[in-house]
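Below: the structure, in structure tokens.
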2 protein chains.
Amino acid sequence: MNNKEKLRKAGLRPTKQRMIIADILLDGINRHFTAENLQNEINSSGNSMSIATIYNCLKKFRNCGLIKQVESSKDTAIFDTNINQHHHFLDEETGELIDIENDEVNLHKLPKIPQGYLNNGVEVLIKIKKQI
Amino acid sequence: MNNKEKLRKAGLRPTKQRMIIADILLDGINRHFTAENLQNEINSSGNSMSIATIYNCLKKFRNCGLIKQVESSKDTAIFDTNINQHHHFLDEETGELIDIENDEVNLHKLPKIPQGYLNNGVEVLIKIKKQI
DNA sequence: TTTTTACTTTAAAATCGTTCTAAACTACTT
DNA sequence: AAGTAGTTTAGAACGATTTTAAAGTAAAAA
Ligand SMILES: [Mn+2]
Ligand SMILES: [Mn+2]
Ligand SMILES: [Zn+2]
Ligand SMILES: [Zn+2]
């Protein structure tokens with residue numbers, strides 16, 4: 001399926017701007033990035049785009065499940081092209097995130113989901129620190 | 001140990017403002033809160049404090065290990081008085097966090113920590129969604 | 001194809017959480 | 001008591017993100 005079809009299937013009009021972003025993000029390579037990182041990549045690709053449009057698109061892409069947003073206490077939002085359920089190593093010093101594939105973690109015992117709620121995904125974060 | 005001693009032990013001068021905050025936060029009740037939540041509690045207790053001081057104190061308390069900061073993709077920082085290693089349920093709709101004690105989760109298989117790094121804490125986040 | 005409609009992009013302004021500045025204040029040391 | 005190092009504060013500044021509102025574009029209707 002090409003990117004135009006992916007956008008259509010997600011219910012998004014394949015505008016010029018969304019196609020530029022899709023060409024960068026939906027290439028099958030997993031990456032973690034900020035809005036500013038993406039703007040730099042757009043610029044490097046010979047295109048340009050308003051930062052408002054980049055935020056609009058990232059929100060649409062996220063809400064459609066084309067990308068995810070990482071839970072992070074940094075003040076800049078971090079997005080993730082790996083949309084499979086997976087986990088992360090986090091170096092809190094640098095903010096660097098490294099993917100952990102789902103099958104590398106085995107949760108043996110899980111607590112009961114609170115009454116009236118459904119499990120909507122489990123994420124394991126392993127904080128790591130550079131050895132001294 | 002009283003709050004004055006706790007602050008001293010943490011290497012912090014027990015100023016009037018830090019004591020007010022310690023009286024609210026270090027009462028043994030686990031809670032998740034923002035800087036603004038805390039300011040409201042300070043006001044409710046008949047005191048008042050500059051928001052700059054609240055941020056200063058929260059940062060000091062966090063760096064001393066008296067409180068933790070939760071990893072969250074919300075744009076407002078969330079702090080946690082439960083400083084034990086523990087886990088959370090997160091309702092992504094509302095942002096509500098519910099503690100999961102450490103012994104309610106059993107991680108059977110964990111990936112190898114990257115070369116040159118040390119494990120600095122594991123956090124499990126279970127996203128939950130209201131049943132429809 | 002033309003027209004109409006709803007949706008999208010944009011630059012610029014606004015917003016909002018957080019940090020900085022610099023002056024006044026306070027806790028601790030001598 | 002005097003000195004000094006650390007703390008508080010109001011207000012300004014900052015930086016990420018959102019809003020505004022006008023111009024542009026894609027899809028639908030005619
Ligand atoms: Mn965040
Ligand atoms: Mn912010
Ligand atoms: Zn990832
Ligand atoms: Zn907690």
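Everything quoted here is computed from the prediction, not taken from an experiment. Numbered from 1 within each chain, the chains take letters A, B, ... in sequence-line order. Just the heavy atoms: all of them, side chains too, but no hydrogens, waters or symmetry mates, feed the values below.
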Output the single nucleotide from [options] whose closest atom is nearest the side chain of [X].
{"X": "A:M49", "options": "D:dA27, D:dA5, C:dT10", "answer": "C:dT10"}
{"X": "A:S50", "options": "D:dT17, D:dA10, C:dA11", "answer": "C:dA11"}
{"X": "A:A52", "options": "C:dA12, D:dG11, D:dA27", "answer": "C:dA12"}
{"X": "B:Y55", "options": "C:dT19, D:dA26, D:dT8", "answer": "C:dT19"}

I need the [atom1]-[atom2] distance between [X] and [N], as an integer number of Å.
{"X": "A:Q39", "N": "D:dG15", "atom1": "CD", "atom2": "P", "answer": "16 Å"}
{"X": "A:K59", "N": "C:dT9", "atom1": "NZ", "atom2": "C1'", "answer": "15 Å"}
{"X": "B:L58", "N": "C:dT19", "atom1": "CG", "atom2": "C1'", "answer": "13 Å"}
{"X": "A:L12", "N": "C:dT8", "atom1": "CG", "atom2": "C1'", "answer": "11 Å"}
{"X": "A:N63", "N": "C:dC7", "atom1": "CG", "atom2": "P", "answer": "16 Å"}
{"X": "B:L38", "N": "C:dT18", "atom1": "CG", "atom2": "P", "answer": "12 Å"}
{"X": "B:D75", "N": "C:dG17", "atom1": "CG", "atom2": "P", "answer": "7 Å"}
{"X": "A:N56", "N": "C:dT9", "atom1": "CG", "atom2": "C1'", "answer": "8 Å"}

*asked:* Give the residues of residues 17-27 of chain A touching DNA chain C, defined as any heavy atom closer than 4.0 Å, sorted by residue number.
replied: A:Q17, A:R18
*Under 3.5 Å, is there a donor-acceptor pair linking the side chains of B:N56 and B:T53?*
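Looking only at side-chain atoms, B:T53 and B:N56 do not form any donor-acceptor pair under 3.5 Å.
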*asked:* If you assign B:K16 and B:Q69 each to the DNA chain C nucleotide with the nearest heavy atom, which residue ends up on the more 5' nucleotide?
replied: B:Q69
Does [X] have a side-chain nitrogen or oxygen under 4.0 Å from the phosphate oxygens OP1 or OP2 of [N]?
{"X": "B:T15", "N": "D:dT8", "result": "yes"}
{"X": "B:T76", "N": "C:dT18", "result": "no"}
{"X": "B:K60", "N": "D:dG6", "result": "no"}
{"X": "B:R8", "N": "C:dC28", "result": "yes"}

Measuring from [X]:[atom1] to [Y]:[atom2], what's the distance to the nearest 0.5 Å?
{"X": "B:K16", "Y": "B:N47", "atom1": "NZ", "atom2": "CG", "value": "6.0 Å"}
{"X": "A:Q69", "Y": "B:E92", "atom1": "CD", "atom2": "CD", "value": "9.5 Å"}
{"X": "B:R62", "Y": "B:C57", "atom1": "CZ", "atom2": "SG", "value": "12.5 Å"}

*Look at all strands and tell whether B:K74 reaches a base, only sugar-phosphate, or nothing, counting heavy atoms closer than 4.0 Å.*
nothing
*Looking at every strand, decide which applies to B:T53 at a 4.0 Å heavy-atom threshold: base, sugar-phosphate, or nothing.*
base
*A:E5 pairs by side-chain contact (heavy atoms from CB on, under 4.5 Å) with which of A:N2, A:L7, A:N3?*
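Result: among A:N2, A:L7, A:N3, A:N2 is the only option passing the side-chain contact (heavy atoms from CB on, under 4.5 Å) with A:E5.
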*hydrophobic_cluster_shared for B:I78 and B:L58, side chain cutoff 4.5 Å*: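 Not linked; separate clusters.
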_Do A:V122 and B:L110 sit in one hydrophobic cluster, given that two such residues count as connected whenever their side-chain heavy atoms are within less than 4.5 Å of each other, even indirectly?_
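Linked within one cluster.
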*Can you check side-chain hydrogen bond (donor to acceptor under 3.5 Å, both in side chains) on B:H86 and B:N30, steps first, answer last?*
CA-CA 11 Å; B:H86 69 286; B:N30 291 332; over 6 Å; no
